[in-house]
2 protein chains.
Amino acid sequence: MTTLKKVAEYAGVSTSTVSRVIAGKPYVKEETRRRVLQAVQELSYSPNILAKSLKEGRTNTIALMIPSIQNQMFPIVTRGVEDTARKYGYTVILCNTDENIEVEKEYIRKLQDRWIDGFIVGSMLPASDHIRKLKADGFPVVLTSRYYGDPIDAVIIDNHRAAYDAVSYLIKTGHEKIAIAVGRRQLSLYQQRLEGYLDALKDHGLPVDESLIMHETHGTNSFYGLTQKLLDNLIPDAIFATSDPKAIVVIRAIKDRGLRIPEDISVIGIDDIEMSALIEPPLTTVSQPLYKIGALAAKKLIALIEHKNKSKDPPAPVVDVLETELIIRKSTARRK
Amino acid sequence: MTTLKKVAEYAGVSTSTVSRVIAGKPYVKEETRRRVLQAVQELSYSPNILAKSLKEGRTNTIALMIPSIQNQMFPIVTRGVEDTARKYGYTVILCNTDENIEVEKEYIRKLQDRWIDGFIVGSMLPASDHIRKLKADGFPVVLTSRYYGDPIDAVIIDNHRAAYDAVSYLIKTGHEKIAIAVGRRQLSLYQQRLEGYLDALKDHGLPVDESLIMHETHGTNSFYGLTQKLLDNLIPDAIFATSDPKAIVVIRAIKDRGLRIPEDISVIGIDDIEMSALIEPPLTTVSQPLYKIGALAAKKLIALIEHKNKSKDPPAPVVDVLETELIIRKSTARRK
DNA sequence: GTGAAAGCGCTAACAT
DNA sequence: ATGTTAGCGCTTTCAC
């Protein structure tokens with residue numbers, strides 16, 4: 001283990017001089033600098049970040065909290081975060097919370113003790129008061145995807161509008177009996193998507209049929225059974241899934257029932273994950289810029305962190321709403 | 001910020017006593033212990049892990065290096081790693097290398113400076129000498145998936161056998177013209193899977209037809225074009241994809257050609273990722289225990305780390321070969 | 001320009 | 001059973 005001290009001895013200077021050279025600070029004679037650099041080279045010294053962090057009170061590490069990396073939305077978001085973090089010299093710690101608020105809390109506690117510089121939270125629940133406390137305690141926090149109106153920076157999409165666009169498209173292409181697969185109601189993003197669906201129906205003069213509304217019971221896969229049950233009673237013109245993973249399960253259920261997509265039933269989703277274009281039929285969906293969401297969240301968080309280092313008050317939170325786009329593929333077709 | 005010292009003053013004892021109590025060490029009078037715990041409570045003290053790490057020379061952090069979390073194999077492996085790490089009190093840093101050896105090197109350097117306790121490497125390339133050096137320098141390292149016979153702990157599957165099983169199954173169910181989609185040759189796991197294919201053919205008296213062998217050119221998606229080109233010349237009985245993501249692309253290409261699966265062409269893969277059961281038709285594949293691979297790798301790595309703390313010599317590396325299993329679904333059908 | 005020395009918060013001999 | 005003290009490796013005043 002080569003330390004600063006050894007380099008100093010080797011170069012015949014003091015540790016503070018070496019420190020200055022390493023940090024690229026001024027007020028070092030050119031010749032001295034050269035000698036130190038030489039020593040660094042020859043001893044192949046590299047600084048101990050831990051000691052540096054202890055001294056400086058920051059670790060250049062951020063945490064990314066998500067429900068689960070197995071949800072296909074998150075690998076892309078994660079790449080956005082990680083690529084950006086790396087670009088700025090930060091490392092990221094990945095935390096899967098499984099929607100379990102206790103796991104989330106435990107992570108927060110542990111990471112605070114580690115002096116994590118900031119948090120990107122994609123797993124926020126209405127009850128996640130520990131996240132709010134984090135922010136209130138002055139920790140840099142950026143929310144993604146899930147946002148409940150708190151005074152915290154966030155990167156989201158307009159969920160109501162994405163759903164409204166999807167359902168309007170179905171209506172305009174002649175669908176009338178439109179079912180919906182809604183995710184957990186406690187997540188406002190699903191609540192908003194449900195409302196987008198309801199409003200689209202209303203605005204186009206279509207009635208709301210409660211029996212066409214499927215509510216998630218226990219995970220995404222529950223839509224397999226729910227769809228089967230729905231089909232026992234009636235065949236809708238279309239099913240709007242409030243996320244692509246749900247759409248994929250819905251499609252599986254429809255096919256296992258011997259029905260064709262889009263001939264018998266159209267299916268539309270929201271997300272545009274990688275698989276959406278690859279499944280059969282390729283899924284019509286409203287894309288959200290997942291990579292960009294991650295990248296922007298990371299960028300904002302890092303800005304917050306650097307700002308904090310200059311010890312000003314935290315700036316007023318800003319919520320970025322990114323654009324979504326309807327991607328028409330083969331899982332929907334004109335009716336009548 | 002509450003520190004040990006403040007707790008000590010508050011409780012009217014020395015810092016070492018507080019340290020002892022926190023660490024649960026013996027030789028502390030029951031009443032003193034209670035008083036300290038009380039102080040810890042009231043000041044809501046929690047230790048600074050950074051300082052502790054600096055002192056102890058270990059960080060309870062491990063790095064997981066993978067090609068990309070966007071490759072659908074890795075979210076599952078990652079969950080295995082992370083769940084296990086958390087259970088043992090470790091945090092994991094996620095590193096996507098994009099198969100870029102420079103990125104890998106940069107990560108290693110950065111993480112060494114951070115005093116990462118150990119590495120799980122799922123991105124090993126034949127040229128990854130920096131990983132070998134890591135191990136040689138005494139760092140705990142565990143390899144997953146990719147293994148080139150180095151004296152390093154590893155968790156892998158028998159690739160030759162997995163491929164052999166897949167192809168043998170095709171042959172036994174009447175397929176003769178069997179094409180193969182082979183991943184990058186420089187990765188021995190694909191080389192081995194190719195050999196498994198070749199040997200299965202040989203053992204069953206089938207000829208090898210070079211024109212049936214598709215080699216990956218630039219990423220998984222290149223198999224879309226390769227498959228199309230293959231189908232221009234001939235329609236094989238089956239296509240063996242050396243991984244499920246490749247199988248999914250191959251299926252897309254076949255369908256876009258207007259051919260049916262399995263009626264016209266059977267398709268078989270290796271992996272059994274979550275999507276494999278959901279696509280149309282559900283994919284016949286040889287499953288590998290991805291979660292278990294991650295979990296076992298983490299467990300082994302942690303054992304290595306704890307062993308190292310007792311400062312014995314590192315134990316001889318052991319390579320664990322986990323079982324694979326043929327999962328028959330709907331993408332293959334009996335011929336003739 | 002450069003060096004001495006204090007201290008970030010903790011642990012672990014060593015003393016008592 | 002408890003306290004004193006010397007670092008872990010680094011940065012940063014403050015002198016010179």
Compare every heavy atom of A:Tyr90 with every heavy atom of A:Thr61, then report the nearest pair and how far apart it is. N-CD2, 3.9 Å
Check the distance between C:dC10's C1' and A:Asp113's CG and give it to me in whole angstrom. 13 Å
Cut-off 3.5 Å, side chains only: do A:Ser128 and A:Glu104 have a donor facing an acceptor? yes
For atom CD of B:Gln41, decide whether the heavy atoms of other residues, nucleotides or ligands shown that lie under 6.0 angstrom number more than 12. no
Residue pairs meeting salt bridge (Lys or Arg N to Asp or Glu O under 4.0 Å), one or both in residues 2-19 of chain A, sequence neighbours left out, come to none
Rounded to whole angstroms, how far apart are OH on A:Tyr27 and C1' on C:dT2? 14 Å
Per-nucleotide protein contact along nucleotides 4-13 of chain D, 5' to 3', at a 4.0 Å heavy-atom cut-off (B base, S sugar-phosphate only, - neither), is BB-BBBBBB-
Any side-chain heavy-atom pair from B:Leu187 and B:Tyr148 closer than 4.5 angstrom? yes
Difference in axis direction between the ends of the helix from C:dG1-D:dC16 to C:dT16-D:dA1, five pairs, 10°: 50°
So, are A:Lys133 and A:Asp137 salt-bridged, with charged N and O less than 4.0 Å apart? yes
Return yes when atom NZ of B:Lys135 has more than 12 non-hydrogen atoms of other residues, nucleotides or ligands closer than 6.0 Å, and no otherwise. yes
Describe the nucleic acid contact of A:Ser53 in one word from base, sugar-phosphate, nothing, applying a heavy-atom distance below 4.0 Å. nothing
Should A:Lys300 and A:Asp320 count as an ion pair when the cut-off is N to O under 4.0 Å? yes
